[in-house]
Amino acid sequence: MAVLTVDCLELGQLPTNTYLVMNTETKECLIIDPSDGVENIVSWLDDHQAKPVSIWLTHGHDDHMGSVSDLKRKYGLLCYVSKEEEEFCESIYYNLSSMFGHPRAIEPDLFFLDRQKVKVLGTEATVLLTPGHTVGSTCYYFPQEKLLFSGDTLFEESVGRSDFPGGNTLSLIASVKRLMTLPDDVTVLPGHGGRTSIGHERKYNPYVNR
């Protein structure tokens, strides 16, 4: 079994969790939701002698993809996101960058499908489409490692907003309930704030039983 480490860099205008997931043996590294502050990400990669392999986005909001273009240029990486989220990445309206005062967009390279199994870092991840925060919000579940990267779908005792363009409260609640089918001891690594667990959220998240 691959041994993975997960480091979190809190970056950007809206403090956003950028995750660097590394195989300790091969030094291959997956970058999830690289926010603004590419120099911090590059410094971490250099310090850990890491070999970045790809960029995965949980959704297409600007605060989760500010460093994508720079990382693609520097390392020749491909950027993955759900097909439903393509328009969000490419629209300054949907990705909210115009609202943040720096309109910009990216073009994803490849698209994930719901329930797709992906070989990465010597292990396997499952793609879970969890619409509600955006139409194509996605969580990434690593069953062997019991890790869930939940983006802005699930937070500690809360959920993401559903009042931005493309958001839907009923869809978001349904997505959160879908995540509650995972085991209690799965660690949840959200897009903002601290980590939690499925078991904790099953007990204390007010949206679970709505």
Side-chain angles (χ1 to χ4, degrees), residues 6 16-19 21 30-35 54-65 68 78-91 93-96 105-121 123-156 158-184 186-193 195-198 201-202 205 207-210:
V6 180
T16 302
N17 294 334
T18 293
Y19 290 106
V21 189
L30 171 64
I31 305 171
I32 299 178
D33 286 353
S35 187
S54 57
I55 300 166
W56 291 10
L57 300 181
T58 59
H59 62 291
H61 280 160
D62 181 71
D63 55 325
H64 291 255
M65 61 182 194
V68 166
L78 298 179
C79 178
Y80 295 72
V81 72
S82 71
K83 180 63 177 175
E84 291 83 353
E85 203 69 359
E86 181 178 12
E87 185 177 5
F88 277 69
C89 295
E90 297 177 352
S91 164
Y93 169 69
Y94 283 120
N95 71 25
L96 306 182
I106 67 163
E107 292 185 9
D109 300 292
L110 293 166
F111 301 100
F112 286 134
L113 301 176
D114 186 32
R115 300 185 183 276
Q116 182 176 345
K117 308 289 186 184
V118 185
K119 298 287 187 182
V120 66
L121 304 179
T123 188
E124 185 176 82
T126 301
V127 177
L128 298 174
L129 187 65
T130 52
H133 179 63
T134 63
V135 295
S137 286
T138 303
C139 297
Y140 300 115
Y141 176 44
F142 289 72
Q144 292 186 3
E145 293 75 21
K146 296 186 176 181
L147 299 173
L148 178 76
F149 296 90
S150 64
D152 287 4
T153 297
L154 179 63
F155 298 139
E156 182 180 7
S158 188
V159 298
R161 293 176 60 167
S162 57
D163 58 337
F164 291 131
N168 184 286
T169 301
L170 293 179
S171 294
L172 180 60
I173 292 171
S175 292
V176 169
K177 290 181 177 180
R178 181 186 190 189
L179 296 178
M180 291 305 111
T181 65
L182 300 177
D184 281 350
V186 170
T187 297
V188 178
L189 299 137
H192 303 275
R195 63 178 58 191
T196 181
S197 71
I198 291 294
E201 297 313 304
R202 200 188 312 281
N205 194 306
Y207 292 88
V208 168
N209 297 311
R210 286 198 176 188

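Since the structure is predicted, the reported quantities are computational estimates derived from the model, not experimental observations.
Qualifying side chain to side chain contact (heavy atoms under 4.5 Å, CB included) partners for K83, counting only residues two or more places apart in sequence or in other chains: E86, F111. Among residues two or more places apart in sequence or in another chain, the side chain to side chain contact (heavy atoms under 4.5 Å, CB included) test is passed with T153 by T130, S137, C139, L172, S175, V176, L179.
Surrounding OH of Y94 are at most 12 heavy atoms belonging to other residues, nucleotides or ligands under 6.0 Å away. Enclosure of atom CD in Q116 by more than 12 non-hydrogen atoms of other residues, nucleotides or ligands within 6.0 angstrom is indicated.
Between the OG atom of S158 and the NE2 atom of H192 there is a distance of 11.5 Å, given to the nearest 0.5 Å. Rounded to the nearest 0.5 Å, atoms CG (L182) and CD1 (I198) are 5.0 Å apart. One finds the CG atom of D109 at 8.0 Å from the OH atom of Y80 (value rounded to the nearest 0.5 Å). Taking CZ from F149 and CH2 from W56, the interatomic distance works out to 9.0 Å, rounded to the nearest 0.5 Å. Annotation: the span from L128 atom CG to Y140 atom OH amounts to 10.0 Å, rounded to 0.5 Å. Atoms OG1 and CD, from T196 and E201 in turn, are 3.5 Å apart once rounded to the nearest 0.5 Å.
Closest approach of V208 and K177 over heavy atoms only: O-CE, 3.1 Å. Of all non-hydrogen atoms in P108 and E90, the two that sit nearest each other are CD-OE2, 3.9 Å. Heavy atoms only, all atoms of each residue included: F155 and G191 are closest at CE2-N, 4.1 Å. Minimum heavy-atom separation, V68 to P34: CG2-CG, 3.7 Å.
At distances below 3.5 Å, not a single donor-acceptor pair connects side-chain atoms of T169 with backbone N or O atoms of S162. Checking side-chain atoms of R161 against main-chain N and O of G167 turns up no donor-acceptor pair under 3.5 Å. Side-chain atoms of Y141 do not come within 3.5 Å of backbone N or O of S150 as any donor-acceptor pair.
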**Q.** From CA spacing to verdict: side-chain contact (heavy atoms from CB on, under 4.5 Å), E124, Q144
**A.** CA-CA 8 Å; E124 185 176 82; Q144 292 186 3; 5.8 Å; no
Q: Decide yes or no on side-chain contact (heavy atoms from CB on, under 4.5 Å) for V127 and S82, but give the supporting numbers first.
A: CA-CA 9 Å; V127 177; S82 71; 5.9 Å; no
Q: Applying side-chain contact (heavy atoms from CB on, under 4.5 Å), run through Y19 and L147 and close with a yes or a no.
A: CA-CA 12 Å; Y19 290 106; L147 299 173; over 6 Å; no
Q. Under the side-chain contact (heavy atoms from CB on, under 4.5 Å) criterion, do L57 and I106 qualify, and how do the steps go?
A. CA-CA 11 Å; L57 300 181; I106 67 163; 3.7 Å; yes
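Each salt bridge (charged side-chain N to carboxylate O under 4.0 Å, His left out) pair with one or both residues in residues 139-156, not counting sequence neighbours, appears once here: K146-D185.
Side-chain contact check for P165 versus L96: some heavy-atom pair is nearer than 4.5 Å.
Just one of T138, N17, D33 meets the side chain to side chain donor-acceptor pair (under 3.5 Å) condition when paired with T58; it is D33. Here the options are E84, E85, H61, H59, the test is side chain to side chain donor-acceptor pair (under 3.5 Å), and the partner is T134; only E85 passes.
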